[in-house]
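Step one of this worksheet: look at the structure below.
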Number of protein chains: 2
Amino acid sequence: MGTVSKALKLLSYFAPDRTEVGLSDLTRLSGMNKATVYRLMGELQESGFVEQSENDRAYRLGPQVLHLAALREASTPILSVSRRVLRELSDETGETTHVSLGHETHVQTLSHAYSPSHATKVTMEDAQTVTYHATSSGLAILAYADPEFVEQVLAQPLKAHTSMTLVDPDEIRAKLAAIRETGLSDTLGSFELEVHSHAVPIFGADRRAIGALAVAAPASRMSPEQQETIRAALRRAGAALTHRIGGSPPADYPQNIPA
Amino acid sequence: MGTVSKALKLLSYFAPDRTEVGLSDLTRLSGMNKATVYRLMGELQESGFVEQSENDRAYRLGPQVLHLAALREASTPILSVSRRVLRELSDETGETTHVSLGHETHVQTLSHAYSPSHATKVTMEDAQTVTYHATSSGLAILAYADPEFVEQVLAQPLKAHTSMTLVDPDEIRAKLAAIRETGLSDTLGSFELEVHSHAVPIFGADRRAIGALAVAAPASRMSPEQQETIRAALRRAGAALTHRIGGSPPADYPQNIPA
DNA sequence: AACCAACGGTTCAAATAATGAACCACTTGC
DNA sequence: GCAAGTGGTTCATTATTTGAACCGTTGGTT
């Protein structure tokens with residue numbers, strides 16, 4: 001692993017529940033030498049990727065990441081576009097919605113929206129890291145990913161988040177095939193019990209799945225009618241989001257599924 | 001310069017008008033060896049900071065920057081908060097508004113809002129890089145920056161963007177002192193002719209200026225009354241933004257300026 | 001069709017930068 | 001006043017980065 005990768009890996013230890021990290025923590029988390037971490041963080045700081053708290057000297061992400069994100073948005077505006085799509089989808093379905101992006105080994109939630117319709121709802125945090133195999137979003141992405149990428153994901157240890165999580169690679173492959181039939185994935189309690197989640201893949205300009213759009217609802221509220229509402233709304237919203245970021249679904253993506 | 005800094009410097013060549021850059025371009029822009037650029041970009045790609053176009057192999061910023069920005073927003077939500085502040089300020093003043101962040105050698109616009117009030121307005125792009133000395137935002141930040149930082153900025157060559165740009169360090173120092181009197185900066189045509197811009201600094205938790213909030217209007221529309229409206233609105237909005245990101249103005253910041 | 005220039009990508013000995021054990025100064029809790 | 005934690009620093013050893021020259025392709029010109 002090159003020096004640059006090591007430095008960037010240090011950035012990955014920031015998380016929603018750990019927005020500030022000290023030098024010693026980073027050293028432990030990364031397993032690198034303290035002097036190395038210190039120097040790398042110093043370089044990251046010079047470039048504005050992290051900044052240091054005045055009093056306790058803990059590191060936090062710096063303003064430079066906002067700048068780069070603004071630039072990325074200028075070319076591929078998935079965030080700003082998805083915000084509106086999420087808002088509409090939440091209003092339409094009355095449930096919590098979110099978009100996620102597929103990464104090398106995991107899926108990251110990017111943005112979410114709540115609906116005021118119900119007092120009980122699935123709550124979310126942005127920038128959460130979740131697994132491919134246990135989430136409807138992750139499975140939706142996998143269903144339209146390169147087969148070798150799927151195998152790479154399935155070759156890793158698959159954690160059983162709940163008793164409902166699919167951890168058998170063969171079962172997951174079957175599930176992915178089923179998802180490809182409809183273009184829509186759903187999981188019941190496989191990441192968190194009592195949560196019934198539906199998702200559709202979002203495609204980039206190269207017709208590959210780059211992320212997913214999802215609706216998460218309490219299982220208790222998931223009547224067959226509600227499920228049909230969600231599936232229809234999700235299909236429309238997903239197609240809209242894919243289109244508005246300049247992407248296109250692959251030729252074999254089920255376009256017009258009759259009710 | 002360490003390897004990490006070199007890699008991160010490569011990211012700085014992305015701009016609103018150059019969202020995709022090829023290997024040879026990066027080599028020329030950075031002055032580094034092609035093999036070096038290739039390897040560094042490869043590492044940036046592995047970490048998801050950039051991705052490569054399928055057809056022409058040009059690099060563009062990757063999804064990882066969005067993830068980090070979402071995290072940064074979770075701890076210091078300047079972007080999401082500023083969006084609302086900008087909206088209100090634009091509605092109130094009828095003009096274009098924007099927030100910028102101060103960096104080592106330059107200022108970067110982060111987000112902006114337009115007003116529908118007038119057909120003619122100042123147009124903006126997010127993630128633009130501008131100079132400290134020629135913009136009201138930059139001067140507002142400098143007025144509340146460390147004196148040594150000010151000298152560092154003034155020691156660089158100061159480009160005359162227009163005939164109105166202040167380029168004499170002494171004149172700029174005088175201007176900064178004047179800004180400190182009122183806590184508000186304005187420039188007329190110093191970055192672009194015919195644009196009259198007002199700005200207030202935004203302070204972080206450590207009471208240092210981290211950025212600026214600005215209103216940019218066509219000079220022709222800037223009557224004394226309109227100017228007073230803008231100054232008052234800007235003062236309020238700036239205080240609100242500083243407060244809502246968890247920051248505080250320094251003790252010597254003029255708080256309640258009578259009209 | 002032959003040419004040329006520019007592109008992305010690759011190689012490997014030489015040069016340079018990264019590394020890590022041990023260190024210091026400081027703060028916190030007992 | 002001790003012990004254990006913190007952030008920060010040093011410097012000989014080591015491993016990585018570097019860059020000139022290379023290859024294969026592509027697209028435009030003669």
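These figures come from a predicted structure and were not determined experimentally. Numbered from 1 within each chain, the chains take letters A, B, ... in sequence-line order.
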What's the [atom1]-[atom2] distance between [X] and [N], to the nearest Å?
| X | N | atom1 | atom2 | value |
| --- | --- | --- | --- | --- |
| A:Gln45 | D:dG7 | CD | P | 13 Å |
| A:Lys6 | D:dT17 | NZ | C1' | 12 Å |
| B:Asp25 | C:dG9 | CG | P | 13 Å |
| B:Met32 | C:dT16 | CE | P | 16 Å |
| B:Glu43 | C:dG9 | CD | P | 15 Å |
| A:Arg57 | D:dT9 | CZ | C1' | 13 Å |
| A:Met1 | C:dT19 | CE | C1' | 13 Å |
| A:Met41 | D:dT9 | CE | C1' | 18 Å |

Looking at B:Arg84, I'd like to know if its CZ atom is crowded, meaning that more than 12 non-hydrogen atoms belonging to other residues, nucleotides or ligands lie closer than 6.0 Å.
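Yes, because the 6.0 Å sphere around CZ of B:Arg84 holds more than 12 heavy atoms from other groups.
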Please check if the number of heavy atoms outside B:Gln45 that lie under 6.0 Å from its CD is greater than 12.
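Counting other residues, nucleotides and ligands, CD of B:Gln45 exceeds 12 neighbours.
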Return whichever of B:Tyr38 or A:Leu40 has its heavy-atom-nearest nucleotide of DNA chain C closer to the 5' end.
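Nearer the 5' end of the strand: B:Tyr38.
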Heavy atoms from C-beta onward define the side chain here; which of [options] lies closest to that of [X]?
| X | options | answer |
| --- | --- | --- |
| A:Thr36 | C:dG8, C:dT19, D:dT17 | C:dT19 |
| B:Leu23 | D:dG8, C:dG9, C:dA18 | C:dG9 |
| B:Asn33 | D:dG19, C:dC7, C:dT10 | D:dG19 |
| B:Ser24 | D:dG19, C:dC7, C:dA18 | C:dC7 |
| B:Arg39 | D:dT18, D:dT16, D:dG7 | D:dT18 |
| B:Tyr59 | D:dT17, C:dT10, C:dG9 | C:dG9 |
| A:Lys34 | D:dG8, C:dG9, C:dG20 | D:dG8 |

Closest non-hydrogen atom pair, A:Ser111 against A:Leu79:
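Where A:Ser111 meets A:Leu79 most closely, the heavy atoms are CB-CD2, 4.0 Å.
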Salt bridge check, B:Glu43 against A:Lys6: does any charged N sit closer than 4.0 Å to a carboxylate O?
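A salt bridge is absent here (no side-chain N lies under 4.0 Å from a carboxylate O).
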Taking B:Asp252 first and then B:Arg180, would you say they form a salt bridge - that is, a charged N and a carboxylate O separated by under 4.0 Å?
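Salt bridge: no.
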Does A:Gln52 place a side-chain N or O at less than 4.0 Å from the phosphate oxygens OP1/OP2 of D:dG8?
yes
Hey, does the side chain of A:Thr3 come within less than 4.0 Å of D:dT17's phosphate (OP1/OP2), counting only N and O?
yes
Assign each of A:Arg28 and B:Ala35 to its nearest nucleotide of DNA chain D by heavy atoms, then name whichever residue's nucleotide is nearer the 5' end.
A:Arg28
